[in-house]
Amino acid sequence: MTACASQPPLGGAPDVSVSQAELLPIPGLTDMAVPAETGLIRPMDVIQIDVFGIADLSREVQVGANGNIDFPLVGSVAAVGLTTEDLSGVLEDRLRNAYVRDPDVTSRITERTDQLMTITGEVARPGRFAIAAPITLMEAVAMGGGLDEYADSQEVLIFRTVGDERYIGVYNLEGIQRGNYADPTVYPTDIVMVGDSPGRRRLQEVLGVVSAITSPLILIERALR
């Protein structure tokens with residue numbers, strides 16, 4: 001979908017039109033650049049962590065795709081979304097709990113990744129993931145942990161900005177799996193959103209009371225008129 005005055009708006013929204021094009025436009029390098037004005041830690045960033053007076057603990061670590069770092073004595077630490085000062089404070093608290101006397105930690109980002117893809121909606125692990133190169137839609141869903149129990153596999157969206165226009169591609173994962181059409185490409189800065197199945201959610205709510213019913217249960221859902 002893209003802005004176009006020659007087509008009627010979708011759902012009443014202005015400046016939105018529907019196209020039968022099979023492929024979304026390919027973004028350019030400038031479209032895939034992620035603003036770096038924020039100093040917050042992001043997935044796949046490389047961080048130098050120094051513990052004053054304890055050389056064995058000082059080291060360079062990389063933030064995982066899940067947003068965590070692994071550090072000696074304290075294990076896994078959630079780092080994404082923190083400033084380096086915040087991370088230093090968290091590590092000091094954790095080291096103090098590990099019986100390190102008066103830990104003094106400093107952290108700084110030494111390498112940043114600008115290639116991030118976002119997956120949201122009805123997936124097991126929504127979030128932002130670093131990708132070194134374009135991937136397929138099926139791979140993107142897998143990075144998000146796969147579909148959750150309420151996902152609608154027939155309504156998976158890719159949001160993409162190319163130049164000054166915003167595009168939305170609508171895809172059916174079952175159709176891709178059957179080979180009806182190719183698995184589309186997902187680029188850095190794309191947003192993938194998996195839709196919700198209201199019918200499946202309602203059914204789950206109904207089935208939650210089945211254990212209290214002693215006779216068979218028949219569900220009838222009439223179409224709206």
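Although no hydrogens or angles enter the test, the distance criterion places a donor-acceptor pair under 3.5 Å between the side chain of Glu92 and the main chain of Val105. Looking only at distances, no side-chain donor or acceptor of Thr118 sits under 3.5 Å from a matching main-chain atom of Arg128. Using a distance-only test at 3.5 Å, with no hydrogens or angles considered, a donor-acceptor pair links the side chain of Arg94 to the main chain of Ser76. Judged purely by atom type and a 3.5 angstrom limit, Asp183 uses its side chain to pair as donor or acceptor with the backbone of Met138. Checked by atom type and distance alone, the side chain of Arg178 never pairs as donor or acceptor with a backbone atom of Ile176 at under 3.5 Å. Put simply, the side chain of Tyr181 gets close to the backbone of Asn172: a donor and an acceptor are under 3.5 Å apart.
Hydrophobic clustering, with ILVMFWY side chains joined whenever heavy atoms are under 4.5 angstrom apart, groups Val170 together with Met193.
The shortest heavy-atom contact between Ala124 and Gly145 is CB-O, 3.5 Å. Across Leu91 and Ser107, no two heavy atoms sit closer than the pair CD1-OG, 4.5 Å. Val123 and Pro126 make their closest contact through O-CD, 3.6 Å (heavy atoms, listed as atom of the first residue, atom of the second, distance). When all heavy atoms of Arg166 and Thr161 are compared, the closest pair comes out as CD-OG1, 3.2 Å. Thr84 and Arg108 get closest at one heavy-atom pair: CG2-CA, 4.0 Å. The two residues Ala142 and Arg125 make their nearest non-hydrogen contact at O-NH2, 4.3 Å.
Here OG1 of Thr185 is found 7.5 Å from CD1 of Ile26. Values are rounded to the nearest 0.5 Å. Atoms CG and CG, on Asp102 and Asp104 in that order, are 9.0 Å from each other to the nearest 0.5 Å. Between the CD1 atom of Ile47 and the CD1 atom of Ile41 there is a distance of 3.5 Å, given to the nearest 0.5 Å. To the nearest 0.5 angstrom, Ile191 atom CD1 is 11.5 Å from Leu116 atom CG. The structure places CZ of Phe129 at 7.0 Å from CD1 of Ile119, a figure rounded to the nearest 0.5 Å. How far CG of Asp190 is from CD1 of Ile131: 7.5 Å, rounded to the nearest 0.5 Å.
Within the 4.5 Å cutoff, no side-chain heavy atoms of Asp152 are placed close to those of Val194. Asp70 has its side chain out of reach of Val61: every pair of non-hydrogen atoms, C-beta onward, lies at least 4.5 Å apart. In this structure the side chain of Gln177 never reaches within 4.5 angstrom of the side chain of Ser153, judged on heavy atoms. Between Val186 and Glu139 there is no side-chain heavy-atom pair separated by less than 4.5 Å. Residues Phe71 and Val51 meet the side-chain proximity criterion, which asks for heavy atoms closer than 4.5 Å. The closest side-chain heavy-atom distance from Leu95 to Leu57 is below 4.5 Å.
Summarising the local packing, CG of Asn97 is surrounded by more than 12 heavy atoms from other residues, nucleotides or ligands at distances under 6.0 Å. Residue Arg101 qualifies as open at atom CZ: its count of foreign heavy atoms under 6.0 Å is 12 or below.
For the side-chain contact (heavy atoms from CB on, under 4.5 Å) with Val80, the qualifying choice from Val63, Ile69, Asn68 is Val63, the only one to do so.
Between Thr110 and Gln48, the side chains place no donor N or O within less than 3.5 Å of an acceptor N or O (distance only, hydrogens not considered).
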